[in-house]
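Note that the numbering runs from 1 along the sequence shown for the chain. No experiment lies behind these values; they were computed from the predicted model shown.
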Amino acid sequence: MYIEKIRLKNFRNYADEAFEFGEKINIIAGKNAQGKTNLVEGISLLSMAKSFRTTKETEMIAHGEDRFLVSGEFSKHGNPYILDIEFFEQGKSIQKKYQINGVKKEKVTDLFSGIYTVVFSPEDLKIVQGEPDRRRRFLDRELILIKPSYYENLRKYKKILKNRNLLLKEAKDGVKDENLLRVYDEYLAEAGALVMEQRADFIVKLSKTAKETARKISAGADELEVEYNPSAPREAGKERQEKKLLEILAEQREKDILYGTTGVGPHRDDLLLKTNGRELKSYGSQGQQRTASLALRLAEQKLIKEETGEDAILLLDDVLSELDRDRQKLLLENFEDNQLFITTADMNEKIMGDIAEKKLIIISAGEATK
């Protein structure tokens with residue numbers, strides 16, 4: 001699977017620009033703030049209609065416009081696969097339209113299992129160094145890509161959580177409905193148990209693959225451990241987990257009312273990352289943290305292949321310059337079967353010399369130089 005062409009209309013700093021790509025390695029070069037990252041963001045958007053850079057979808061619409069279009073033409077197992085995604089403002093909300101091979105699709109889940117992308121960026125260090133929501137986003141995106149059913153379970157959980165929090169705020173103000181809160185607790189525990197079960201199963205696989213990768217990157221110096229760190233005690237089996245969540249929600253109810261929010265559940269989960277037995281966030285060196293973030297992304301790429309049989313499109317956004325020579329070489333050697341995009345503001349001859357066959361695209365002010 002690889003992308004042959006993309007069109008970006010009113011997307012970020014692109015008015016209306018089309019690009020053709022090589023089947024293997026594509027170098028996207030240009031000075032800073034010209035649109036290199038915007039281009040790889042557009043490619044990534046085609047895999048699940050979400051940006052890897054922002055949760056504010058209006059930021060992707062060009063200044064002064066009310067909509068954007070991203071259209072990609074792919075070759076998938078030798079067959080054409082055309083995907084069109086349009087976001088447009090309607091009142092205070094963003095509406096979305098999807099088409100696959102000219103056929104309108106109603107739900108974003110129709111896009112899943114179509115195109116797989118993995119993004120490597122300097123921001124990946126925040127998976128290790130940042131707050132739990134960074135690690136949850138990494139985990140959720142990966143699970144949604146390889147197990148579309150997870151998206152529905154997570155969406156259901158978040159919807160129930162939102163409604164429960166509204167009830168808690170009302171109860172904080174003196175309008176308490178104990179019966180309705182108990183009903184929401186039951187629904188939340190049921191949905192939460194499904195989310196936790198899928199996360200736990202996936203993290204076992206992620207941990208094994210990331211550990212092997214970190215050993216390779218560090219020449220055996222770094223022993224990476226990835227553990228599930230749920231906010232609620234973990235129980236084996238969905239029914240037992242659901243029962244445990246229900247118990248905790250009941251125990252915590254008065255506290256939740258006091259603060260007007262749900263304090264325990266999958267929305268508070270975390271990943272615990274360790275190297276050589278020590279927590280990475282607090283005790284890891286910069287080199288160990290960088291190795292771990294790179295290992296997690298490489299593990300993501302490998303798990304997509306194992307779980308789906310597909311080679312993901314890989315987007316390296318300004319990361320080669322962040323790595324030493326050995327890690328650069330290792331990274332490139334791992335991607336022989338994948339289509340690869342590398343953005344760079346530094347046409348370093350040593351880096352470029354490691355890449356034999358490549359297509360070069362030079363970006364200036366939202367346009368490809370001719």
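Crowding of K169 atom NZ: a count of heavy atoms from other residues, nucleotides or ligands under 6.0 Å exceeding 12. Crowding of Y187 atom OH: a count of heavy atoms from other residues, nucleotides or ligands under 6.0 Å not exceeding 12. No more than 12 heavy atoms of other residues, nucleotides or ligands lie within 6.0 Å of CD in E239, so this atom counts as exposed by the packing criterion. Shown here is K238, whose NZ atom has more than 12 heavy atoms of other residues, nucleotides or ligands within 6.0 Å.
Within the 4.5 Å cutoff, side-chain heavy atoms of I3 are placed close to those of L46. Put simply, the side chain of L154 reaches to within 4.5 Å of the side chain of K158, judged on heavy atoms. Looking only at side-chain heavy atoms (C-beta outward), P148 and T109 stay at 4.5 Å or farther from each other. At a threshold of 4.5 Å between non-hydrogen side-chain atoms, the residues R278 and Q288 do not count as touching. With a 4.5 Å cut-off on side-chain heavy atoms, S47 and Y116 do not count as touching.
When R136, R135, R234, R199 are each tested for a salt bridge (Lys or Arg N to Asp or Glu O under 4.0 Å) with D269, only one passes: R199. Checking I25, V118, L314 one by one against N338, the side-chain contact (heavy atoms from CB on, under 4.5 Å) holds for a single residue, L314. A salt bridge (Lys or Arg N to Asp or Glu O under 4.0 Å) with E123 is found for one member of R53, R134, R137 and no other, namely R134. Between N153 and the choices E190, K147, Q198, the side chain to side chain donor-acceptor pair (under 3.5 Å) rule is met once, by Q198. With Y98 as the partner, the side-chain contact (heavy atoms from CB on, under 4.5 Å) test is satisfied by one option alone out of K105, K104, K107, E86: K105.
Salt bridge R240/E235: present, at least one basic N to carboxylate O contact under 4.0 Å. Using a 4.0 Å cut-off between charged side-chain N and carboxylate O, E65 and R67 make no salt bridge. Between K305 and D337, no side-chain nitrogen of the basic residue sits less than 4.0 Å from a carboxylate oxygen of the acidic one, so the salt-bridge criterion is not met. Salt-bridge formation is detected for the pair E223/R215: a Lys NZ or Arg NE/NH1/NH2 atom is positioned less than 4.0 Å from an Asp or Glu carboxylate oxygen. R164 has a carboxylate O that lies under 4.0 Å from a charged side-chain N of D185, or vice versa, which qualifies the two as a salt bridge. Salt-bridge annotation for E57 and K96: present, with a side-chain N of the basic residue lying under 4.0 Å from a carboxylate O of the acidic one. Looking at D124 and R290, no side-chain N of the basic residue comes within less than 4.0 Å of a carboxylate O on the acidic one, giving no salt bridge. A salt bridge links E212 with K208; the closest basic N to acidic carboxylate O contact falls under 4.0 Å. In this structure, E131 pairs ionically with K281, as a charged nitrogen and a carboxylate oxygen lie closer than 4.0 Å.
Note: F341 CZ to I43 CD1 = 4.0 Å, rounded to the nearest 0.5 Å. Note: E300 CD to L143 CG = 10.5 Å, rounded to the nearest 0.5 Å. Rounded to the nearest 0.5 angstrom, S71 OG and L8 CG are separated by 9.5 Å. Between the NZ atom in K97 and the CG atom in L69 there is a gap of 10.5 Å [rounded to 0.5 Å]. Expressed to the nearest 0.5 Å, how far CD1 of I313 lies from OG1 of T117 amounts to 7.0 Å. Going from atom CD1 of I28 over to atom NZ of K359 covers 11.0 Å, rounded to the nearest 0.5 Å.
For the residue pair D318/T343, the side-chain donor-acceptor check at 3.5 Å is not satisfied. Y150 and D140 are linked by a side-chain donor-acceptor pair at a separation below 3.5 angstrom, with hydrogens and angles left out of the test. Looking only at atom types and distance, the side chain of Q95 has a donor-acceptor partner in the side chain of S93 under 3.5 Å away. Side-chain contact annotation: E306 with T209, donor-acceptor N/O pair under 3.5 Å absent. A donor and an acceptor atom, one from each side chain of D222 and T275, are nowhere located under 3.5 Å apart.
By the rule that hydrophobic residues join a cluster once side-chain heavy atoms approach within less than 4.5 Å of another member, L194 and L249 end up as members of separate clusters. When the side chains of ILVMFWY residues are joined at heavy-atom separations under 4.5 Å, either directly or via intervening members, I82 and I6 end up in two distinct hydrophobic clusters. The hydrophobic cluster containing F52 also contains I115, counting ILVMFWY residues as joined when their side-chain heavy atoms lie under 4.5 angstrom apart, directly or transitively.
Without hydrogens or angle criteria, N276 side chain to A221 main chain gives a donor-acceptor distance under 3.5 Å. Judged purely by atom type and a 3.5 angstrom limit, S207 uses its side chain to pair as donor or acceptor with the backbone of V226. Counting only distance, with no hydrogens or angles, the side chain of N165 and the backbone of K162 share no donor-acceptor pair below 3.5 Å. Between the Q339 side chain and the G22 main chain, a donor and an acceptor come within less than 3.5 Å of each other. In this structure, the side chain of Q34 does not engage the main chain of K31 through any donor-acceptor pair within 3.5 Å. Of the possible donor and acceptor atoms, one in the side chain of T291 sits under 3.5 Å from a partner among the backbone N and O of G287. With E73 contributing its side chain and P80 its backbone, the two residues share no donor-acceptor pair below 3.5 Å. With hydrogens and angles ignored, the 3.5 Å screen pairs a side-chain donor or acceptor of Q241 with a backbone N or O of P233. One N or O on the side chain of R297 and one on the backbone of V119 form a donor-acceptor pair closer than 3.5 Å. Counting only distance, with no hydrogens or angles, the side chain of K36 and the backbone of G30 share a donor-acceptor pair below 3.5 Å.
Taking each heavy atom of N32 and A345 in turn, the nearest pair found is OD1-CB, 3.6 Å. Taking all atoms of both residues into account, the shortest heavy-atom contact from G192 to P266 is O-CG, 3.7 Å. Minimum interatomic distance between Y157 and V264 (heavy atoms only, all atoms of both residues): OH-O, 4.4 Å. Residue T308 comes nearest to I146 through the heavy atom pair CG2-CG2, 4.2 Å, listed as atom of the first residue, atom of the second, then distance. For the pair Y81 and G114, the tightest heavy-atom approach, listed with the atom from each and the gap, is OH-CA, 3.6 Å. Residue L45 comes nearest to S51 through the heavy atom pair CD1-N, 3.9 Å, listed as atom of the first residue, atom of the second, then distance.
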Working note: L166 + N163, criterion side-chain contact (heavy atoms from CB on, under 4.5 Å); need CA distance, chi angles, decisive distance, verdict. CA-CA 5 Å; L166 287 172; N163 289 331; 4.2 Å; yes
L39 and Y14: side-chain contact (heavy atoms from CB on, under 4.5 Å), yes or no, with the steps? CA-CA 9 Å; L39 176 52; Y14 291 99; 3.8 Å; yes
Test side-chain contact (heavy atoms from CB on, under 4.5 Å) on L271 and F138 and set out the steps. CA-CA 10 Å; L271 285 176; F138 163 77; 4.2 Å; yes
Would you sort out whether M48 and L111 count as a side-chain contact (heavy atoms from CB on, under 4.5 Å), showing the intermediate values? CA-CA 6 Å; M48 54 191 299; L111 307 184; over 6 Å; no
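Under the 30°/60° scheme for interplanar angles, the aromatic rings of F19 and F21 are found to lie parallel. Note: F112 and Y151 have perpendicular aromatic rings, judged against thresholds of 30 and 60 degrees for the angle between ring planes.
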